[in-house]
Trainee: 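Have a look at the structure that comes next, please.
We count residues from 1, following the sequence as given.
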Amino acid sequence: MKSLKLYGARDIRFGGAEKPQILDGKDVIVKIKACGICGSDISRYKKLGAVTPGQVWGHEFAGVVEQVGDQVTDLKVGDHVAGCPALIEEDDYYYRAGQPARANSLHAIGAKEPGGFAEYIKLPEKNLVKVPDDLDFESASMVEPSTVVLHGYYRTNLSVGDDVVIAGAGGTIGLFAVQWAKIFGAKKVIAVDIDDEKLQIAKELGADYTINSLNEDVLTKVAEYTDGMNADIVVEAAGTPHTAATVFGYAKKGGGVVFLGIPYADVAMERFYFEKILRSELTVWGSWSCVSAPFPGKEWATTVHFMHNNRLNTKKMITHRIPLEEGSEMFERLMERKELIGKVIMYPES
């Protein structure tokens with residue numbers, strides 16, 4: 001079967017791989033119809049390389065059930081599904097305690113086991129979420145990044161009428177954060193990014209105000225847009241050391257900051273921003289993965305519901321649709337940053 005395998009930093013290759021086979025009664029084989037490139041894929045491709053060199057990569061996908069094991073009860077051949085990439089050993093203490101996102105054994109497909117950049121994938125039944133047949137596959141492939149955001153918001157005390165700042169609002173996670181903030185009932189959503197084109201997309205998806213941090217003072221503008229109070233909730237979605245070190249400045253006294261981005265580097269913080277945590281008595285929430293109990297969690301059913309009812313717009317987020325064969329070239333284009341590239345969806349059947 002066709003696949004994209006990661007061998008090292010900036011070394012991803014299109015080629016063949018063995019089609020997966022049913023080995024366990026709970027196994028399900030899915031024919032992948034669409035798979036997406038995640039922001040974390042871009043960071044790992046650029047800096048870290050493969051966990052297992054030569055492994056089929058990728059963790060965002062949707063497709064059709066092609067074969068099921070003899071112990072599968074809730075899925076049948078022909079069902080449309082989205083894939084939950086979180087693999088966890090069932091005897092893990094935190095999994096058994098109903099806290100799967102904190103499990104010590106948690107890892108994602110594409111690291112030790114084959115991922116979603118391929119024509120087919122095999123996963124346990126519990127890792128597949130049925131989606132309506134009339135939900136298009138490219139949207140279904142984006143259920144997973146939406147659940148990452150929703151998992152993070154569930155960690156907070158966000159409520160109707162709150163003001164929300166989203167730092168790194170132009171990426172997939174940031175754009176979902178804009179939309180979910182509105183669904184949660186946020187009064188003002190302030191999108192911060194360094195790209196005017198991406199900020200325009202954030203505006204179209206519901207942001208009330210946008211700030212380009214390259215040429216505007218974010219502290220001043222956030223205060224202006226919130227009547228001098230700053231935000232109830234700040235979302236760090238950029239995953240950069242600079243953003244991670246400065247987002248505390250945008251939160252109001254008694255507010256909170258939730259971290260969704262992964263910096264992949266050390267974070268050095270100025271005293272001014274650190275003291276914001278203390279003097280403003282901020283709450284800081286870490287958020288990891290996209291799952292809760294009962295596994296994979298309400299993040300998944302909730303996302304599917306709001307996508308199916310057109311409350312979550314994925315179309316404005318997608319800028320490129322390509323065959324899987326062009327994946328290697330696309331990763332290099334993402335490194336060059338010479339053009340606007342938002343969400344990239346790849347099609348193994350093309």
Side-chain angles (χ1 to χ4, degrees), residues 39 43 99 101-102 148-171 173-195 198-199 202-203 206-289:
S43 296
Q99 302 167 21
R102 303 175 184 178
V148 170
V149 174
L150 193 50
H151 181 79
Y153 274 138
Y154 283 153
R155 299 273 295 128
T156 75
N157 55 13
L158 176 61
S159 62
V160 175
D162 282 351
D163 293 336
V164 179
V165 168
I166 298 160
I173 297 299
L175 293 172
F176 272 126
V178 168
Q179 296 185 76
W180 276 118
K182 282 297 186 180
I183 291 170
F184 270 77
K187 181 175 63 177
K188 297 176 184 176
V189 175
I190 302 167
V192 182
D193 204 276
I194 61 174
D195 188 308
K198 291 183 177 181
L199 284 170
K203 187 87 170 178
D208 298 285
Y209 303 97
T210 61
I211 303 170
N212 187 320
S213 57
L214 287 182
N215 50 43
E216 297 178 279
D217 183 81
V218 183
L219 290 171
T220 300
K221 299 302 288 187
V222 167
E224 176 187 334
Y225 295 147
T226 58
D227 302 319
M229 296 296 292
N230 286 350
D232 298 276
I233 301 292
V234 179
V235 179
E236 199 295 306
T240 69
H242 173 76
T243 308
T246 56
V247 288
F248 304 105
Y250 316 145
K252 70 189 300 183
K253 291 188 176 183
V257 179
V258 58
F259 282 85
L260 301 180
I262 308 171
Y264 289 106
D266 292 340
V267 177
M269 191 184 304
E270 293 179 26
R271 177 181 172 181
F272 169 82
Y273 294 105
F274 184 80
E275 287 199 351
K276 283 286 185 180
I277 303 172
L278 307 179
R279 294 179 182 274
S280 296
E281 295 192 327
L282 302 182
T283 300
V284 180
W285 296 283
S287 181
W288 189 250
S289 192

Trainee: Between Lys203 (side chain only) and Asp208 (backbone N and O only), is there a donor and an acceptor less than 3.5 Å apart?
Mentor: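 At least one qualifying donor-acceptor pair exists.
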
Trainee: Flag yes if more than 12 heavy atoms outside Trp285 fall under 6.0 Å of its CH2 atom; otherwise flag no.
Mentor: yes

Trainee: Are more than 12 heavy atoms, taken from residues, nucleotides or ligands other than Phe274, located less than 6.0 Å from that residue's CZ atom?
Mentor: no

Trainee: Check for a donor-acceptor pair, side chain of Lys188 on one end and backbone N or O of Tyr225 on the other, with a separation under 3.5 Å.
Mentor: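 Present.
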
Trainee: Can you name the nearest heavy-atom pair linking Ala268 to Ala245, along with the distance?
Mentor: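 Closest approach of Ala268 to Ala245: O-CB, 3.4 Å.
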
Trainee: Determine the minimum heavy-atom distance between Met229 and Lys252, stating which atoms define it.
Mentor: O-CB, 2.8 Å

Trainee: Hey, does Ile166 have a side-chain heavy atom less than 4.5 Å from the side chain of Leu175?
Mentor: no

Trainee: Which heavy atom of Val178 sits nearest a heavy atom of Ala169, and at what distance?
Mentor: CG2-CB, 4.4 Å

Trainee: Sequence neighbours left out, what passes ring pair (Phe, Tyr, Trp, His ring centres under 6.0 Å) with Phe259? Give chain and number order.
Mentor: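 Ring pair (Phe, Tyr, Trp, His ring centres under 6.0 Å) list for Phe259, sorted by chain: Phe248.
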
Trainee: Measure the spacing between CD1 of Ile211 and CD1 of Ile194 and express it to the nearest 0.5 Å.
Mentor: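 Rounded to the nearest 0.5 Å, the CD1-CD1 separation comes out at 14.5 Å.
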
Trainee: Do Tyr209 and Val165 come close enough that some side-chain heavy atom pair is under 4.5 Å?
Mentor: no

Trainee: Any idea which heavy atoms bring Gly168 and Ala237 closest together, and the distance?
Mentor: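 Closest approach of Gly168 to Ala237, heavy atoms only: O-CB, 3.8 Å.
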
Trainee: Strictly by salt bridge (Lys or Arg N to Asp or Glu O under 4.0 Å), give each pair with a member in residues 273-286 just once, sequence neighbours left out.
Mentor: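 Every pair satisfying salt bridge (Lys or Arg N to Asp or Glu O under 4.0 Å) with a residue in residues 273-286: Arg271-Glu275, Glu275-Arg279.
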
Trainee: Of the non-hydrogen atoms in Ala251 and Val257, which two are nearest, and what is the gap between them?
Mentor: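 That would be CB-CG2, 4.3 Å.
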
Trainee: Measuring only between side-chain heavy atoms, which start at C-beta, is Val247 closer than 4.5 Å to Tyr250?
Mentor: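 Sidechains of Tyr250 and Val247: in contact.
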
Trainee: Mind checking whether Val164 and Tyr153 have side chains closer than 4.5 Å, heavy atoms only?
Mentor: yes

Trainee: Any sub-3.5 Å donor-acceptor pair from Glu236's side-chain atoms to Gly239's backbone N or O?
Mentor: yes

Trainee: What do you reckon, is CD of Glu270 surrounded by more than 12 foreign heavy atoms closer than 6.0 Å?
Mentor: no

Trainee: Closest heavy-atom contact between Leu199 and Val192?
Mentor: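 The pair with the smallest heavy-atom distance is CD2-C, 4.0 Å.
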
Trainee: With a sphere of 6.0 Å drawn around CG of Asn215, does it hold more than 12 non-hydrogen atoms of other residues, nucleotides or ligands?
Mentor: yes

Trainee: Is Asp232 close to Leu158 at the side-chain level, that is, under 4.5 Å between some pair of heavy atoms?
Mentor: no

